[in-house]
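I'd like to ask some things about the structure below.
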Amino acid sequence: MDPFASSHQATGEGMVLSPGTHSLSESSYTAHPRFLELQEELRSALFTAVADSTSKQSYLVEAPTEPGLSELRRDVDLFARSPVPKARSINYLKNWITECAPYLDKFDEARHFGVHIPILARESPGLFYAILAFSARQTERKAGLRNCHDSLELYQESIRWVSPGLQAKDPNVLVTACILAVMELMSVSPQDWRRHVDGCAALFDCFSVNGFSGGHLQAVFWCYVRMELCGVIVSNGAERTVLPLEKWVPAGSMGQASESIEDNEKRVRELFLEQSRLTPDMHANWAVYLCAKACDLVCRRTRHLELGEYDTTDPRPFSEQWNRLWDELQYWLEQRPIAILPAKSTSMQGDRMFPEIFYAHQAAISSNQLYHTACILLLEIKPPVTLLPPSSHLASSVWHARRVCGISLTNPHPGNLINAIQPLYIAGKLLTHRREHIAVAKLFKTIEQTTGWGALWRLRDLEAVWGYETNEILSAI
C-alpha cells in the first residue's frame, strides 16, 4: 500500500506552487502526516547519533564496519530496491546530474555534488535515495504536480538508511542529511527553517567539519551554511545561525582565548585570503561568511534594543563592531581575484533601470550579490556617529539594491537565481518605482518557473512592503 496515497486532484498544466503561502500544494505535501512524521524521525536519528557519539574524529575517518551495510554495498542493485519504478529512478538520477547538482555546485569548481557524490552514492543507500528524493521533488515542483509522491517515497527510503549509516560510522550520512535538508527547504515554509537545518548543524559541530575541511565534506558544509544564511535573512533580524559562526572556520584559526577579537578576525581574514588565492570558490564562500556576520550583527542589535539582552558575543561598542565589519566587506571587494570580477559591466544609462553586470565565473554571481546584500543590511543599522563619504556610491543602499537586481537580470544561472531570492527581497524593499517592481516580480516568477524553487511567497511579501494588494503586481506581468 502506498503510504502517501492522496485524493488531491492535479493542478493545471505547468502550474508551480510556492511554499510559505498556505497553498493547496503545501497542504498536499508539507502538511501530509507521514511527511511530518518522517521529518521528526530524521531529526531524532541525527540528534541521537550526536548524543551517543564518543569520538568526533573517528566517526569520519573509520571505514564502515556494520556487516549488513557493507554487504549491501557489494551485492545489491539500489535501483532494484528503489520504492519507485527503475525507469523513473534513472530519470531522477539524470535530472540530478543535469539540473539539481548545478544548483548546489554553484560555488564549487570541482562539482562535488554533480561528480563525486553520485559516485559515493553507489555504495551508500541513504545517500543514493536522498539524491533521487531531491531530484524527484524538484521535478514535481517544476511541473506543478500534486498527485505524484515519488519524492516522499524516496525521502522515506533514504531516512530508513540513516540510522544504520550512523551506526556504521558512514561519513556519507552527513551528506545525506544535508541533501534532505535542502529538499525540505525547497518544499516547505521557509519560516520554519531552523527545524530543517539543526540536525545538520549538530552533525557538523559534533564531527568537527567546517568550511576548510577539504574535499566533498567542505563542499557540503558550504551548501549547508548557504541554507543557514537564507534562514537568518528570512528571520528579519530575530534569529542567529544555528551553527555559531566561530564553528564555520577551524578551531585553531580563532587563536587563543587570551587573544583579542581583532586578532581573531585577522586570523580568519588571512585564512580566507590564503585559500582565495588557490581557488575563487573560497572567495565566494568568504562572501557567504561576511553576509552571515552582517545578519548576526543585525540580530544582536535587534535583541539588545528590543529585548534588552546584553551582548556577550562581542563586548566592543556597536559602532566599532559596525566599522570593523564594513571594512571587512570593502576589503573583500578590493581583494577579489580576477574570476570574481565582472567580465563586462555597463552603468545605468537612458531608461535602463538596473546596471548590466556580467560574470563569467558562476561563483562570482552570488558572491558579489551577497556583498551588496550585506552592505544594505549594514547601512540599515549604521550608527549615527559613523560617517561615510557622501560622494561614495558605497554609502547608498539604493545603489547596492540596483546592483543586486542587475546581477540577477544579467546572469540567469539557475543555481544563482535560487540563491538570489533573499537578496532580491532585501533589495526590492528599497525600490520605489512601479517599473522596477514589475521587473523584480518577473525575476521571482522566472525563478519559480525555471527552477522549481519557491520564490513567489517572497514577491507577496514585497507587494505588502510596496503597498499593493496581494498578487496585484504578479497579475500585471
Test item: W466 side-chain N/O and I473 main-chain N/O as donor-acceptor pair under 3.5 Å:
no
Is there side-chain contact between V249 and F272, with at least one heavy-atom pair below 4.5 Å?
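Side chain of V249 against side chain of F272, heavy atoms only: contact under 4.5 Å found.
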Do L388 and K382 have side chains that get closer than 4.5 Å, going by heavy atoms?
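They are in side-chain contact.
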Angle between ring planes, Y371 versus W332, binned at 30° and 60°: parallel, tilted or perpendicular?
parallel
Examine the side chains of N368 and R403 and answer whether a donor and an acceptor come within less than 3.5 Å of each other.
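Side-chain D/A pair, N368 to R403: absent.
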is_close_aromatic(F134, Y129), centroid dist under 6.0 Å
no
Picking from L174, L180, I179, what satisfies side chain to side chain contact (heavy atoms under 4.5 Å, CB included) with T176?
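The option that passes is L180.
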Residue pair H216 / H112, side-chain donor-acceptor N/O under 3.5 Å:
no
For S158 and L154, indicate whether the former's side chain and the latter's backbone hold a donor-acceptor pair under 3.5 Å.
no
Among R316, R301, R300, whose side-chain hydrogen bond (donor to acceptor under 3.5 Å, both in side chains) with Q321 holds?
R300
Would you tell me whether S235 and R194 have side-chain atoms, one donor and one acceptor, within less than 3.5 Å of each other?
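Not at all, the side chains of S235 and R194 share no donor-acceptor pair under 3.5 Å.
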In a check of ring pair (Phe, Tyr, Trp, His ring centres under 6.0 Å) between F204 and each of W248, W222, F221, which one passes?
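Answer after filtering W248, W222, F221: F221.
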Okay, side chain of D105, backbone of F113: is any donor-acceptor separation there less than 3.5 Å?
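Looks like yes, one N/O pair under 3.5 Å.
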Derivation of the side chain to side chain contact (heavy atoms under 4.5 Å, CB included) call for N419 and L370:
CA-CA 9 Å; N419 214 51; L370 289 175; 4.1 Å; yes
Non-hydrogen side-chain atoms of R111 and H116 separated by less than 4.5 Å:
no
For the NZ atom on K442, are there more than 12 heavy atoms of other groups (residues, nucleotides or ligands in this structure) within a distance under 6.0 Å?
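Not buried by this count: 12 neighbours or fewer within 6.0 Å.
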Ignoring hydrogens and geometry, is there a side-chain-to-backbone donor-acceptor pair from S392 to P389 under 3.5 Å?
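Pair absent, no side-chain N/O of S392 close to backbone of P389.
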Side chains of I447 and L424 in contact at under 4.5 Å (non-hydrogen atoms):
yes
Would you please say whether a donor-acceptor pair under 3.5 Å links the side chains of Y92 and Q138?
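Absent: no donor and acceptor within the cut-off.
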Keeping the roles fixed (side chain from E448, backbone from A455), state whether a donor-acceptor pair exists under 3.5 Å.
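Side chain of E448 to backbone of A455: a pair is present.
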Whether the T241 and E228 side chains hold a donor-acceptor pair (N or O, under 3.5 Å, no angle test) is what I'd like checked.
no
State, with a plain yes or no, whether a side-chain heavy atom of H400 is found less than 4.5 Å away from one of S397.
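No, side chains not in contact.
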Any side-chain heavy-atom pair from I426 and V404 closer than 4.5 angstrom?
no
Report the C-alpha distance between R402 and M353 in whole Å, list the side-chain angles of each, state the deciding distance to 0.1 Å, and finish with yes or no for side chain to side chain contact (heavy atoms under 4.5 Å, CB included).
CA-CA 8 Å; R402 291 200 170 111; M353 291 178 291; over 6 Å; no
Decide yes or no for I381 and F318: does some side-chain heavy atom of the first lie under 4.5 Å from some side-chain heavy atom of the second?
yes
Do the side chain of E463 and the main chain of E472 share a donor and acceptor less than 3.5 angstrom apart?
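Checked: pair present.
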Determine yes or no for a side-chain-to-main-chain donor-acceptor pair under 3.5 angstrom, with R226 supplying the side chain and L104 the backbone.
yes
Is C295 close to I233 at the side-chain level, that is, under 4.5 Å between some pair of heavy atoms?
yes
Backbone N/O of S151 and side chain of E140: donor-acceptor pair under 3.5 Å
yes
Distance-only side-chain donor-acceptor flag, Q369 / Y359, under 3.5 Å:
no
Answer yes if the side chains of R34 and Q156 hold a donor-acceptor pair under 3.5 Å, and no otherwise.
yes
Should the heavy atoms of other residues, nucleotides or ligands under 6.0 Å from CD1 of I338 be counted, would the total exceed 12?
no
Y425 and D461: side chain donor to acceptor below 3.5 Å
no
Taking S135 for the side chain and I131 for the main chain, is one N or O donor matched with an acceptor at less than 3.5 Å?
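Not a single qualifying donor-acceptor pair exists.
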So N411 and N416, side chain to side chain contact (heavy atoms under 4.5 Å, CB included) or not? Walk me through it.
CA-CA 8 Å; N411 302 270; N416 286 283; over 6 Å; no
Go through the side-chain N and O atoms of Q362 and H413 and say whether any donor and acceptor fall under 3.5 Å apart.
yes
If only side-chain N and O atoms count, and only distance matters, is there a donor-acceptor pair under 3.5 Å linking E356 with S345?
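Short answer, no.
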Does either side chain, that of E184 or that of Y155, offer a donor lying less than 3.5 Å from an acceptor on the other one?
yes
Evaluate R240 against V232 for side chain to side chain contact (heavy atoms under 4.5 Å, CB included), listing each step before the verdict.
CA-CA 6 Å; R240 304 175 68 181; V232 292; 5.6 Å; no
Does R458 count as lying over the ring of F444, i.e. NZ or CZ under 6.0 Å from the six-ring centre, within 45 degrees of the axis?
no
Charged tip of R269 within 45° of Y331 ring normal and under 6.0 Å
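That pair qualifies as a cation-pi contact.
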Check: Y468 ring centre within less than 6.0 Å of H437 ring centre
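Between Y468 and H437, the centre distance is under 6.0 Å.
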For residues E109 and H361, is any side-chain donor paired with an opposing acceptor at under 3.5 Å?
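Yes, a side-chain donor-acceptor pair sits under 3.5 Å.
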